[in-house]
Visitor: 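Please see the structure below; I have some questions.
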Number of protein chains: 2
Amino acid sequence: MSVVIKGADVAAAVKKELQEETQKLALHGIVPGLGIVRVGAKPDDLAYERSAVKKLGEIGIRCQVFELSENISQQDFFNEFEKINTNPDIHGILLFRPLPRHLDEETVKNMINPLKDVDCMSPVNIAKIFSGDDTGFSPCTPEAVMEILDRSGIDLQGKRTVVIGRSMVVGKPLSMLLLKKNATVTICHTKTKDLAKTCADAEVLIAAAGKAKMVTADFVTEKSIVIDVGINVDENGKLCGDVDFESVSLKAAYITPVPGGVGTVTSWVLARHVVRASRYLNKVDK
Amino acid sequence: MSVVIKGADVAAAVKKELQEETQKLALHGIVPGLGIVRVGAKPDDLAYERSAVKKLGEIGIRCQVFELSENISQQDFFNEFEKINTNPDIHGILLFRPLPRHLDEETVKNMINPLKDVDCMSPVNIAKIFSGDDTGFSPCTPEAVMEILDRSGIDLQGKRTVVIGRSMVVGKPLSMLLLKKNATVTICHTKTKDLAKTCADAEVLIAAAGKAKMVTADFVTEKSIVIDVGINVDENGKLCGDVDFESVSLKAAYITPVPGGVGTVTSWVLARHVVRASRYLNKVDK
């Protein structure tokens with residue numbers, strides 16, 4: 001029977017630290033500001049936005065939403081983006097992607113001030129994660145995974161760690177963060193042979209494949225620490241992870257649930273990035 | 001007894017292809033040009049430079065050496081670099097690093113035109129390797145490894161591949177190139193426990209640890225394909241790799257020697273980058 005690692009506990013701890021930080025920043029007259037740039041009004045984006053505005057607001061981060069028409073011209077979009085990019089009250093920028101097809105995402109990635117790039121789209125921040133330089137911003141989800149491992153007292157040094165998935169949003173940056181903690185990292189994917197065996201050989205298994213309940217009991221041992229990054233919908237329309245919680249939680253040593261696991265921590269990592277960006281841009285030490 | 005994969009054969013094949021390419025480019029009036037920027041005159045840099053100028057010259061690449069005083073001021077250095085960066089006859093730039101301490105390497109990395117960055121120091125090219133975008137330039141040594149595997153007919157799809165070493169010059173970018181070929185990649189390093197066992201479990205083992213003869217016969221099986229990226233000096237002052245060739249070559253299926261392996265191919269990868277850069281910058285298709 002697994003110990004269930006609750007995202008809420010980790011989230012609460014991060015939130016408390018950030019609250020103290022924003023109070024200190026207030027003494028300097030600084031209110032951390034996040035600019036949320038949304039082109040169009042997709043329901044998923046709106047839901048995420050509402051939740052982020054609410055959560056970040058609770059700890060004194062001011063969110064400003066910039067809604068742009070989905071028919072905006074490329075030039076107008078760049079002009080609007082540049083205004084936000086240079087606005088001194090905006091310390092972090094979250095741009096919902098993918099952009100509509102007629103807007104060039106590559107140009108925006110190179111345009112964003114790397115110091116405001118709290119969601120890691122600039123090549124400068126991507127190159128920093130890759131090279132193990134922690135002065136940049138990593139994508140929020142992989143950092144949430146690291147936060148959970150760290151706050152659960154799991155030392156990664158020398159540990160056999162398997163990541164399923166090689167996306168730029170989770171798998172690859174997460175592998176680099178794990179390497180930086182001196183884990184031995186194996187990156188698996190759809191073309192991996194003997195996936196179950198490779199996973200069962202891991203001390204820490206992180207599922208970021210985007211495939212409902214694909215990690216079954218034969219992927220783990222009694223010693224496995226299992227972190228589930230997946231957010232899927234199962235055959236009954238219920239939210240579920242990449243891990244078959246029912247069977248795996250009977251066997252592994254530790255497991256994170258979905259919902260209530262990694263996803264719960266992600267917005268607090270975003271909040272931390274905004275707070276950090278506001279310190280950087282105002283040249284205030286921690 | 002291993003089949004020894006000879007770097008010279010791979011090098012000869014790449015050289016022949018490039019020769020045909022430069023002949024075609026000549027019809028467009030284009031002579032690919034490499035600018036070699038050297039601050040000071042370290043013997044190692046000079047040796048590499050002489051060899052590169054000679055080899056690249058053989059296939060019609062014009063190398064121009066810019067020797068700068070090791071006492072050059074930061075501003076003068078940036079001015080000189082910018083001249084080379086915008087010189088239309090220079091398509092690729094090779095800057096010997098590390099620079100003297102008083103010169104800021106970070107600024108140059110961000111300054112170099114990514115299209116001329118044939119040795120992969122720009123964050124733009126680093127981010128591209130990380131994200132699997134092959135329109136950029138990778139560092140030459142990892143690409144030489146891929147060239148050897150490819151020209152030896154070794155299909156990496158789904159193969160258990162272990163890389164020893166996590167540097168930004170070899171280990172990490174190589175892992176990304178292997179992933180792009182659908183290998184299952186494990187990155188090992190000094191903190192890895194049970195290194196020999198992990199390596200023996202690999203179908204393809206690539207040693208880039210920088211430690212003389214550390215890979216011994218117990219790291220391999222009769223089926224192992226062993227690529228040795230190390231360049232070290234052994235206890236008798238003789239050049240050797242990270243692999244103990246004497247014992248490993250009696251057991252593994254394939255092995256590359258040192259010298260005469262990966263290192264032999266590296267300058268031809270640099271040459272290919274310069275040729276490609278000259279095509280990009282002149283907007284000529286292959």
Side-chain angles (χ1 to χ4, degrees), chain A residues 105-106 109-110 114 117 120-133 135-136 138-139 155-169 171-195 197-199 201-203, chain B residues 105-106 109-110 114 117 120-133 135-136 138-139 155-169 171-195 197-199 201-203:
Chain A
E105 218 166 276
E106 284 310 307
K109 288 182 188 173
N110 286 296
D117 180 30
C120 193
M121 56 182 227
S122 157
V124 172
N125 284 313
I126 293 173
K128 280 188 176 181
I129 302 168
F130 190 32
S131 60
D133 175 346
T135 64
S138 19
D155 178 17
L156 292 162
Q157 172 122 339
K159 280 217 170 59
R160 289 188 309 278
T161 306
V162 168
V163 178
I164 314 176
R166 52 176 161 173
S167 76
M168 278 304 283
V169 189
K172 282 184 186 177
L174 179 57
S175 301
M176 294 303 121
L177 298 176
L178 292 164
L179 260 187
K180 191 157 167 81
K181 291 284 183 188
N182 292 326
T184 299
V185 180
T186 299
I187 309 172
C188 294
H189 43 79
T190 45
K191 299 294 188 296
T192 295
K193 291 177 297 188
D194 266 340
L195 182 61
K197 189 183 164 298
T198 305
C199 291
D201 197 39
E203 293 165 279
Chain B
E105 220 166 274
E106 283 311 306
K109 287 181 188 172
N110 286 296
D117 180 30
C120 193
M121 57 183 226
S122 158
V124 172
N125 284 314
I126 293 172
K128 280 187 175 181
I129 300 168
F130 191 31
S131 59
D133 174 346
T135 63
S138 20
D155 178 18
L156 291 161
Q157 172 122 338
K159 280 219 170 58
R160 290 188 307 280
T161 306
V162 168
V163 177
I164 314 177
R166 51 175 162 174
S167 75
M168 278 302 283
V169 189
K172 283 185 187 176
L174 178 57
S175 301
M176 294 303 120
L177 298 177
L178 292 164
L179 260 187
K180 194 161 165 74
K181 292 282 183 190
N182 293 325
T184 299
V185 180
T186 299
I187 309 173
C188 294
H189 43 78
T190 46
K191 299 294 188 297
T192 294
K193 291 177 296 187
D194 266 339
L195 182 60
K197 188 182 164 298
T198 304
C199 292
D201 198 39
E203 292 164 279

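Every chain is numbered from 1 and lettered A, B, ... according to where its sequence line falls, protein lines coming before strand lines. Worth knowing before you read on, the calculation uses all heavy atoms, side chains too, and leaves out hydrogens, waters and symmetry mates. For clarity, every value in this text was computed on a predicted model and none was experimentally measured.
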Visitor: Considering only heavy atoms from C-beta outward, does the side chain of B/Val185 approach that of A/Arg166 to under 4.5 Å?
Guide: no
Visitor: Hey, which of B/Cys188, B/Ser175, B/Pro173 has the most heavy atom pairs under 4.5 Å with chain A?
Guide: B/Pro173
Visitor: Over all heavy atoms of both residues, which pair between B/Val124 and A/Asn110 is shortest? Give the atoms and the distance, please.
Guide: CG2-OD1, 4.4 Å
Visitor: Count the heavy-atom pairs under 4.5 Å between each of B/Thr198, B/Asn125, B/Asp194, B/Ile187 and chain A, then report the option with the highest count.
Guide: B/Ile187
Visitor: What option among A/Pro123, A/Ser167, A/Gly132 has the most heavy-atom pairs under 4.5 Å with chain B?
Guide: A/Pro123
Visitor: Counting heavy-atom pairs under 4.5 Å to chain A, which of B/Thr190, B/Thr192, B/Val162 comes out on top?
Guide: B/Thr192
Visitor: How long is the straight-line distance from CG of A/Asp201 back to NZ of B/Lys197, given to the nearest 0.5 Å?
Guide: 5.0 Å
Visitor: Going from NZ on A/Lys159 to NZ on B/Lys191, what distance comes out if it is rounded to the nearest 0.5 angstrom?
Guide: 14.5 Å
Visitor: Pick from A/Arg160, A/Lys128, A/Met176: which one has the most heavy-atom pairs with chain B under 4.5 Å?
Guide: A/Met176
Visitor: Does any heavy atom of chain A fall under 4.5 Å from the side chain of B/Glu203, the backbone, both, or neither of them?
Guide: side chain
Visitor: Identify the two heavy atoms, one from B/His189 and one from A/Asn182, that lie closest to each other, and give their separation to 0.1 Å.
Guide: CE1-O, 3.3 Å
